[in-house]
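Since the structure is predicted, the reported quantities are computational estimates derived from the model, not experimental observations. Only heavy atoms go into these numbers, but all of them, side chains included; no hydrogens, no water, no symmetry mates.
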Amino acid sequence: MSQSHELLLNRELGLIEFNRRVLAQAEDPSLPLLERLKYLCIVSSNLDEFFEVRMAWLKETAQLTPGRILADGSTPAQIMARISSASHELVRQQYAVMSDVLFPALREEDIIFLRRNEWTEQQQEWVHDFFSNELMPILTPIGLDPSHPFPKVLNKSLNFAVELEGRDAFGRQSDIAIVQAPRILPRVIKVPPEVCSGHPHTFVFLSSILHSHVHELFLGMTVKGCYQFRVTRDSELTVEDEDLKNLRTALQGELSQRQFGDAVRLEIADTCPPHMEEFLLTQFNLKKPDVYRVNGPVNLVRLMQVPDLVDRPDLKFPPFVPSLPDQLSKKVPLFDAIRKGDILLHHPFQSFQPVIDMLNLAATDPQVVAIKMTVYRTGTDSVLMESLIAAARAGKQVTVVLELMARFDEEANISWASHLEDAGAHVVYGVFGYKVHAKMLMVIRREDKRLRRYVHLGTGNYHPRTARFYTDLGLLTCNEEIASDVNDIFVQLTGLGRASQLKQLHQSPFTLHSLLIDSIEREIEHAQQGRPAQIIAKMNALLEPQVIHALYRASQAGVKIQLIVRGVCALRPGVPGLSDNITVRSVVGRFLEHPRVYYFYNDKQENLYIASADWMGRNLFRRIETCVPILDPKVKRRVIKEALRLYLEDNVNAWDMQADGSYKRRPSRGKERCAQNLLLEEYAR
């Protein structure tokens with residue numbers, strides 16, 4: 001089959017499409033109102049990262065290798081032009097949803113975002129007091145002149161360009177000043193009860209407060225205009241291996257410069273005049289397509305705090321309490337329960353607490369002699385890390401493979417590395433050039449004069465907070481072959497030597513890609529022999545060209561292929577003669593879909609795996625990932641039903657991908673079936 005670029009869709013445009021689906025959640029009147037506001041914020045957060053990473057990479061590529069041909073056959077300049085058009089439209093739509101849909105609906109529920117022209121006299125007095133007491137003392141206005149050049153503007157910070165007229169106390173004449181809003185202050189401020197005019201959930205924006213009193217920063221001068229702006233910068237960290245002695249030290253040096261990378265996007269108020277826009281573009285070395293004019297706050301991410309400030313349970317998703325697996329709900333000691341059989345954890349419907357308990361027990365159990373764990377993202381406040389520290393202080397042999405290059409978590413991971421080392425743990429940073437993305441925890445316990453290994457393998461990070469919002473799968477087992485494989489991988493990560501041949505697990509960058517290709521080829525053979533052949537896979541992203549072309553071959557051979565890809569997918573489904581037998585759907589709901597599950601029918605053997613890896617080049621070739629087979633028949637039935645079948649039947653949160661890369665919401669014919677709600681109901685029982 002031809003390797004034509006026309007067979008692959010563009011990754012960056014796929015990310016914009018994903019954010020359209022997230023924005024659709026903000027528009028959905030069937031969802032609780034304050035949750036819809038959160039989806040609006042998530043779009044902004046996603047776009048921030050998109051520009052910091054993907055758009056920054058495209059800009060650099062266009063500058064260094066402008067003739068480079070990307071996977072879909074486009075040049076960087078061509079894709080940037082298409083992205084600019086698509087992202088400008090997405091942002092326009094996002095602010096329209098905020099101004100025309102959400103804010104009016106919130107006002108009807110007595111949740112009000114006051115404009116300056118709506119302030120009562122009493123509120124104006126309160127705003128002035130807030131400005132004088134909380135804001136003005138920590139502001140540093142910078143008038144631009146030969147002694148005061150344009151200041152360094154932090155990545156994603158709120159700033160104001162102020163147009164001035166007149167002379168100051170020293171006789172200086174400056175037309176422009178820059179005021180940087182302190183990051184320590186919230187961008188949305190709740191009005192106190194005594195001045196809220198009977199509306200208990202009333203808010204003002206920090207930008208409105210500064211706008212209304214900015215003239216007090218420039219006494220004796222005339223303020224002609226004040227315009228908020230925000231710049232997004234390249235935030236990808238690069239650590240060169242040349243002369244590298246200590247990865248942690250090198251990374252710390254890079255982190256200090258992240259806030260001042262090359263500018264990639266400029267957001268400004270839609271009231272900003274053309275000459276001021278041109279001035280700002282010049283300062284940041286940007287061009288007209290890089291400007292995003294917005295009718296509202298330049299950073300909607302900060303609205304995410306509002307639902308926490310509003311006590312309205314009726315406008316939020318109903319709370320739920322994650323359940324425990326049956327094997328653990330009868331007060332059976334954890335290690336005893338694992339010895340009786342494999343235990344599947346399906347988060348957030350089932351609690352993450354057993355993983356926390358496993359580490360807590362290991363830290364205090366005198367029979368536990370060693371703990372080994374990989375850490376990719378765990379947060380700045382982690383009970384898991386505290387347990388590891390306690391275990392090390394208790395004299396256990398604690399080994400942590402901590403990925404320092406986990407994007408945007410580098411600082412937290414460096415901090416944990418220091419705390420762990422101080423407690424006596426062995427901390428290694430994996431393999432330079434390969435991110436350690438595998439999710440592995442192993443506890444070694446002395447039992448009956450022998451050592452037994454207990455293992456947790458998961459699809460998601462060891463992060464208790466995200467385990468409440470991300471759907472993920474985890475397996476607790478003491479299967480000898482699986483535990484032996486996990487131990488071999490830890491030895492490989494901490495020491496030196498060739499990769500050993502694993503008995504059950506598959507691993508990137510060595511065997512996982514070949515597992516996928518071989519499994520697809522086997523389904524092709526079965527289909528060609530007239531036997532049933534089927535592939536079902538669930539993941540966050542599908543981009544790797546060899547896997548995509550293998551799936552095309554399988555479709556042409558008659559293999560039924562059903563893909564559940566939450567985010568970006570470069571495969572074109574439903575193309576006559578190419579991918580007739582492939583469907584791709586995306587599920588966007590209350591929880592972020594995060595598991596990686598691979599199913600191959602294999603002539604009724606039903607090979608089933610859970611993994612840490614998406615089907616992307618980086619996961620299969622440039623990261624260390626694990627993929628574990630589900631061997632227990634009961635666990636296998638659960639995974640097939642809960643992670644695959646229910647989602648294939650979903651007609652509430654599902655979107656069907658079209659051959660051109662666009663998506664259509666799946667029509668709800670007959671009885672509504674929402675996979676996430678069905679799982680919530682099932683585990684509530």
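Ion pair Glu35/Lys316 not flagged as a salt bridge, since none of the NZ, NE, NH1 or NH2 atoms sits closer than 4.0 Å to an Asp/Glu carboxylate oxygen. Between Lys538 and Glu593 there is a salt bridge, since at least one side-chain N of the basic residue sits less than 4.0 Å from a carboxylate O of the acidic one. With salt bridges taken as basic N to acidic carboxylate O contacts below 4.0 Å, one links Arg450 and Glu480. With salt bridges taken as basic N to acidic carboxylate O contacts below 4.0 Å, one links Glu12 and Arg54. The pair Glu682-Lys641 meets the salt-bridge criterion, with a side-chain N (NZ, NE, NH1 or NH2) lying under 4.0 Å from an Asp/Glu carboxylate O.
Looking at heavy atoms from C-beta onward, His513 lies in side-chain contact with Glu544 at the 4.5 angstrom threshold. The shortest distance between side-chain heavy atoms of Val588 and Asn653 does not fall below 4.5 Å. Taking the side chain as every heavy atom from C-beta outward, Val53 and Ser235 never approach each other to under 4.5 Å. The closest side-chain heavy-atom distance from Arg585 to Thr583 is below 4.5 Å. Side-chain contact check for Glu606 versus Tyr599: some heavy-atom pair is nearer than 4.5 Å.
Taking the ring axis of Phe600 as reference, the NZ or CZ atom of Arg522 does not stay both within 45° of it and closer than 6.0 Å to the ring centre. A cation-pi arrangement is absent between Lys435 and Tyr376, since the terminal nitrogen or guanidinium carbon is not both under 6.0 Å from the aromatic centre and inside a 45° cone about the axis.
Shown are Val401, Val375, Asp485, Val486; of these, the side chain to side chain contact (heavy atoms under 4.5 Å, CB included) with Met440 is made only by Val486. The one candidate from Asp656, Ile561, Leu563 that meets the side chain to side chain contact (heavy atoms under 4.5 Å, CB included) condition with Val584 is Leu563.
More than 12 heavy atoms of other residues, nucleotides or ligands sit less than 6.0 Å from atom CZ of Arg339. Crowding of Asp308 atom CG: a count of heavy atoms from other residues, nucleotides or ligands under 6.0 Å exceeding 12.
Of the possible polar contacts, none joining the Gln492 side chain to the Arg498 backbone as a donor-acceptor pair under 3.5 Å is found. Not one N or O on the side chain of Ser418 forms a donor-acceptor pair closer than 3.5 Å with the backbone of Ser415.
Between Tyr598 and Trp615, the ring planes are tilted. Angles from 30° to 60° get that label.
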